[in-house]
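These notes concern the structure reproduced below.
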Amino acid sequence: MKTPLMFKFKKLDHAKLLEKVEKEPELKDNGRQFVLSVTNLLERLLDYRQVCGGEDHRSSHMKCTFNILNFYKDNTNKEEMYIRYIKKLYDLHLGAQNYVEAGLTLKLYAQLLQWKDGVRKEELDYLAQPEWERKERVYLQILDCFDKGKVWEYGIPLCKELADVYEKKYEYRKLSNILERQARFFSNILDGVKVQEEGQDRPVFYPRQEPTYFRVAYYGQLFPPFVRNKVFIYRGNECLKLQDIINQLKQEYPMATILQFNNVIDDQKKMGEAQYIQIGSVKPRPEDKPEFVYNSGVAPEIKNFYTVNDVSTFQFDRSFHRGEKDPNNEFKTLCTERLVMHTNYTFPGILQWYEVIRTEQLTLSPVCTANEAVKSACKELQKEIDKTKKDSSIDAIKSLSMKLQGMISASVQGGIPKYQEAFFSPDYERLHPEERDRIRELKELLNEQVKLLDHGLHLMKTMDRMHGTGLSDMLRSLGEILRDIKESLGMQSSSVRRSSSHLSVSSVRVSLCLIMVSLMWVSLHLISMSSVMV
């Protein structure tokens with residue numbers, strides 16, 4: 001319910017106030033700035049008052065707190081109020097167990113502090129103390145948050161800064177402790193979190209999982225102004241599923257209709273009195289890091305972190321067919337409509353969601369769509385291979401074997417032969433000369449995929465010899481299929497290639513049946529091995 005103060009504010013016409021101050025020469029410049037500043041602050045404070053309090057509005061409460069915090073941040077003479085709202089936002093994040101965002105919020109306060117010996121006044125929950133000790137305490141709180149949030153990369157620079165301070169002050173005990181913590185952060189990045197489970201002699205290492213990202217759009221005039229007809233990217237923790245965020249949104253906006261499709265929303269919904277929330281998963285688009293591009297020896301655990309963090313660009317795709325769909329080969333007409341979204345801040349940040357400030361719509365041709373699909377498959381396979389190299393557990397071996405079997409079977413039954421038929425013929429290149437470079441790229445990507453499959457099979461054979469997994473027959477069959485795939489990729493003429501493709505399908509049907517039977521037996525075998533180990 002709106003308060004009388006809000007009604008009075010709505011009646012206040014700041015345009016009239018601007019008109020009045022601009023008529024006074026002494027007030028024209030400062031008066032205009034004052035009216036705009038006060039109006040801006042009042043709008044944010046009224047939004048804050050509307051949603052303040054209650055678990056159901058926690059996310060809106062955070063958003064409004066963020067808006068007020070940014071207002072005071074831009075006013076250099078309002079540091080006390082700025083710090084107060086840093087504390088409010090920090091407490092909200094801690095209460096929601098948003099440890100990464102809590103640490104980054106508290107870091108704003110740390111940036112106001114210096115490594116000086118002068119006394120800093122009593123502030124927030126801190127008593128009067130030397131300023132360097134205040135900053136040290138705040139840094140340690142931030143490190144606790146980053147540790148719980150598993151963003152150890154963000155904690156390492158703080159550890160180095162503290163180590164430098166301790167060394168200069170001859171605080172060798174503290175120096176030893178912070179260096180040990182820094183070393184643990186480096187180990188956690190590579191190995192994951194160490195857990196000593198009951199009944200196990202050795203500790204178990206659990207690698208961190210990637211955060212999830214969603215596009216959330218609010219349509220309708222009944223939403224608060226700070227979200228009305230706006231689009232946001234939401235960063236969820238490693239356990240957050242789509243249904244979880246839908247439940248949160250329903251709790252906050254019980255009258256809203258949830259839309260889980262990616263179609264464009266019409267103006268009727270935007271200007272109507274109903275509430276619509278459109279939600280869907282999106283993928284981050286990380287920027288290439290030169291230090292990774294030119295250093296092939298960087299561990300995948302290090303690189304993977306930056307594929308989903310330090311990001312501000314995202315995409316979601318919608319598939320469609322251009323022209324009449326070929327019932328025998330959908331790749332010929334399968335296109336992708338891609339929406340690329342840019343946020344006004346980088347994730348992770350001091351909020352779990354940021355507004356989309358710019359969008360681009362792209363259309364990918366069938367060849368580009370094929371390239372994207374093969375690239376994605378190669379990335380997923382490389383992750384499985386890296387995981388199995390590092391962790392030769394039963395689960396990792398089983399996961400890689402299923403991935404190899406699925407990809408090789410798909411390559412024979414639909415993937416590679418269909419790509420060859422659709423794009424590698426001289427007729428296609430003649431009709432689409434602008435796609436020549438992309439066709440060449442597709443050929444290279446398919447060769448890379450086959451090399452990865454070969455590498456994965458070789459790794460599985462090594463695991464089979466070491467652990468006796470019972471995969472020998474299946475691996476032998478997969479190897480034969482992969483040999484046929486290699487031969488088909490080496491063909492030059494389209495006619496020979498097509499016949500080779502058909503030959504590959506017919507020659508592996510029996511092998512695929514054997515593989516499916518082998519997989520059923522292997523699954524039982526691996527389960528029994530796992531039971532014995534437990």
Side-chain angles (χ1 to χ4, degrees), residues 5-6 9 33-114 120-126 131 134-135 137-139 141-142 144-146 149 151 154 158 216 218 223-228 230-235 252 310 312 342-357:
L5 175 60
M6 291 181 185
F9 176 70
Q33 183 179 354
F34 172 77
V35 171
L36 292 175
S37 179
V38 169
T39 302
N40 190 4
L41 178 58
L42 277 175
E43 288 177 348
R44 300 179 190 215
L45 288 172
L46 291 175
D47 287 338
Y48 180 85
R49 182 167 179 169
Q50 264 190 308
V51 301
C52 187
E55 291 292 319
D56 293 352
H57 298 283
R58 175 179 280 168
S59 61
S60 295
H61 192 178
M62 290 179 183
K63 177 66 176 174
C64 292
T65 304
F66 169 80
N67 289 338
I68 298 173
L69 181 152
N70 277 340
F71 174 85
Y72 287 124
K73 179 182 180 180
D74 296 334
N75 289 266
T76 55
N77 59 339
K78 301 292 184 182
E79 183 177 289
E80 184 177 348
M81 294 300 295
Y82 174 56
I83 293 173
R84 182 182 300 180
Y85 279 92
I86 287 176
K87 180 63 165 61
K88 287 179 181 289
L89 186 57
Y90 170 71
D91 288 340
L92 285 170
H93 281 310
L94 276 189
Q97 297 184 344
N98 301 336
Y99 296 116
V100 179
E101 290 75 16
L104 292 170
T105 301
L106 193 58
K107 193 176 177 182
L108 296 177
Y109 177 54
Q111 290 169 353
L112 301 175
L113 304 173
Q114 305 293 323
R120 179 84 179 191
K121 67 178 181 179
E122 183 177 343
E123 206 167 48
L124 304 180
D125 297 332
Y126 308 103
E131 189 168 357
R134 174 77 56 81
K135 186 159 187 169
R137 182 178 171 188
V138 173
Y139 266 31
Q141 288 178 279
I142 296 170
D144 287 340
C145 290
F146 287 166
V151 287
Y154 295 161
L158 302 188
V216 182
Y218 302 83
F223 282 112
F226 55 88
V227 298
R228 183 186 304 150
K230 294 181 179 180
V231 180
F232 297 85
I233 299 296
Y234 186 99
R235 181 185 189 270
E252 188 167 2
D310 287 353
S312 60
H342 304 267
T343 55
N344 49 356
Y345 296 93
T346 299
F347 287 94
I350 64 173
L351 280 183
Q352 283 191 305
W353 59 96
Y354 288 124
E355 185 178 353
V356 173
I357 57 172

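Sequential numbering from 1 along the given sequence is applied to the chain's residues.
- Judged by distance alone, with hydrogens and angles left aside, the side-chain atoms of K135 form a donor-acceptor pair with the main-chain N or O of L113 at under 3.5 Å.
- Nearest heavy atom pair, residue Y90 against residue T105, reads N-CG2, 3.8 Å.
- The shortest non-hydrogen separation linking K87 to D125 is CE-OD2, 3.0 Å.
- Side-chain contact check for F232 versus T343: every heavy-atom pair is 4.5 Å or farther apart.
- The NZ atom of K107 lies 12.5 Å from the CD1 atom of I350; values are rounded to the nearest 0.5 Å.
- Of all heavy-atom pairs between L351 and K63, the closest is CD1-CD, 4.0 Å.
- Side-chain atoms of E101 do not come within 3.5 Å of backbone N or O of Q352 as any donor-acceptor pair.
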**Prompt:** When you look at M81 and I68, which way does the side-chain contact (heavy atoms from CB on, under 4.5 Å) test go after all the steps?
**Reply:** CA-CA 9 Å; M81 294 300 295; I68 298 173; over 6 Å; no

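- Here the closest non-hydrogen pair linking C145 and A102 is SG-CB, 4.2 Å.
- Judged by a 6.0 Å distance limit and a 45° cone about the ring axis, K88 is positioned over the six-membered ring of Y85.
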**Request:** List the steps, then state whether side-chain contact (heavy atoms from CB on, under 4.5 Å) holds for N98 with L92.
**Result:** CA-CA 9 Å; N98 301 336; L92 285 170; over 6 Å; no

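- Residue L106 comes nearest to Q141 through the heavy atom pair CD2-CB, 3.7 Å, listed as atom of the first residue, atom of the second, then distance.
- A distance of 9.5 Å separates CG of L112 from NZ of K73, quoted to the nearest 0.5 Å.
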**Request:** Step by step, work out the side-chain contact (heavy atoms from CB on, under 4.5 Å) result for L108 and Y82.
**Result:** CA-CA 10 Å; L108 296 177; Y82 174 56; 3.8 Å; yes

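- Side-chain atoms of R134 come within 3.5 Å of backbone N or O of K121 as a donor-acceptor pair.
- Proximity of a side-chain donor or acceptor of T346 to a complementary backbone N or O of S312 within less than 3.5 Å is not detected.
- Annotation for R84: atom CZ does not count as buried by contact number, only 12 or fewer foreign heavy atoms lying within 6.0 Å.
- To the nearest 0.5 Å, atoms CD1 (I83) and OH (Y72) are separated by 13.0 Å.
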**Message:** For a side-chain contact (heavy atoms from CB on, under 4.5 Å) check, start with the C-alpha distance between Y154 and D310, then their side-chain angles and the critical distance, and finish with the verdict.
**Reply:** CA-CA 10 Å; Y154 295 161; D310 287 353; 2.6 Å; yes

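- Of the candidates Y354, F347, W353, F347 is the only one forming a side chain to side chain contact (heavy atoms under 4.5 Å, CB included) with I233.
- A110 approaches V138 most closely through the heavy-atom pair CB-CG1, 3.8 Å.
- Here I86 contributes atom CD1 and L124 contributes atom CG; the two are 8.5 Å apart, rounded to the nearest 0.5 Å.
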**Request:** Take F66 and Y345 through the test ring pair (Phe, Tyr, Trp, His ring centres under 6.0 Å) and record every step on the way to the result.
**Result:** CA-CA 12 Å; F66 169 80; Y345 296 93; 5.6 Å; yes

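- Counting heavy-atom neighbours within 6.0 Å of Q111 CD, excluding the residue itself, gives a total above 12.
- Rounded to the nearest 0.5 Å, atoms CD (E131) and CD (Q114) are 6.0 Å apart.
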